[in-house]
Peer 1: 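Attaching a single structure in structure tokens format; questions to follow.
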Amino acid sequence: MGKILDVREMVPKDRHSKIFETFNALDPGTSFVLVNDHEPKPLLYQFQAEHDGEFDWWPLEQGPQVWRVRISKREAAGADRTITDYLQTDHRRLDGIMERFQDALRGERWEEALSGFKEFVLGLRKHIRIEEEILFPVFEEKTGMIDAGPTFVMKMEHKEINELLDRILAATAGHDGKTASEAAGALISILMDHNMKEEHILYPESDAFITDAERAQIIKKAQAA
Ligand SMILES: [Fe+2]
Ligand SMILES: [Fe+2]
């Protein structure tokens, strides 16, 4: 799907300039997948330094041999993006991967289904880690709402979500389409409600409680998480 830039065969000193050339040539709202043979963290930091707010960085595969990350050019570029915008974009992106997974599952294209679902698991677990380790602590500190607040409920739901991810992964790997699609249905209905609560309550409240500088720091940390 879409453009792929595989830099594994290129001499290391040419890689970054080729990657930025590819990014600069993108139309707003489009993306490419970078394929590399190591964790591209220094590249992310270079993007953050030179293209703050202009890009999204979504890892699809993280080793041990191959690293793939989708780098997209944001439609409305600007360093002042909100937490709501950033995490909502990730929800939509994950919804798209889930749809393609279900399609592969229905067609019994097992290899495509399994690699697609692995991307989904990687993306959603990273998303949950960002929420639980970076965003929620800030929200709890600012609001004083910990044990009975919205983050507590979200964390409970994350546990349920994580269990379903394991079940779907095992069923897909075992070519058990019935179990996989039933569990995927359950996951989608939990996520619909969960994401809605985050997008309408938790994220906007977080945006309201923090300063612009804090918000920019949170997003940078989240990208590197
Ligand atoms: Fe969540
Ligand atoms: Fe979320």
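Counting starts at 1 for both ligands and their atoms, following the listed order.
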Peer 1: Sequence neighbours left out, what pairs pass ring pair (Phe, Tyr, Trp, His ring centres under 6.0 Å) with at least one residue falling in residues 170-194?
Peer 2: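 Residue pairs passing ring pair (Phe, Tyr, Trp, His ring centres under 6.0 Å), neighbours aside: Trp110-His175, His158-His194.
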
Peer 1: Step through it carefully: locate the ring centre of Phe136, locate the ring centre of Phe139, and say whether they are under 6.0 Å apart.
Peer 2: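 No: the rings miss the under 6.0 Å criterion.
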
Peer 1: Under 30°, 30 to 60°, or over 60°: which ring-plane class applies to Phe55 and Trp57, parallel, tilted or perpendicular?
Peer 2: perpendicular

Peer 1: Whether Arg93 and Asp90 form a salt bridge (side-chain N of Lys/Arg under 4.0 Å from carboxylate O of Asp/Glu) is what I want to check.
Peer 2: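 Here Asp90 pairs with Arg93 in a salt bridge, since their nearest N and O are under 4.0 Å apart.
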
Peer 1: Verify whether one side chain among Arg125 and Asn162 offers a donor that lies under 3.5 Å from an acceptor in the other.
Peer 2: yes

Peer 1: Excluding waters, which protein N, O or S atoms are within less than 2.8 Å of the Fe ion (ligand 1)?
Peer 2: Glu131 OE1, His158 NE2, His194 NE2, Glu198 OE2

Peer 1: Without swapping roles, check the side chain of Arg68 against the backbone of Glu61 for a donor-acceptor pair under 3.5 Å.
Peer 2: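 Answer holds: no.
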
Peer 1: With the Fe ion (ligand 2) at the apex, how many degrees lie between NE2 of His91 and OH of Tyr203, rounded to 10 degrees?
Peer 2: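 Vertex at the Fe ion (ligand 2): approximately 90°.
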
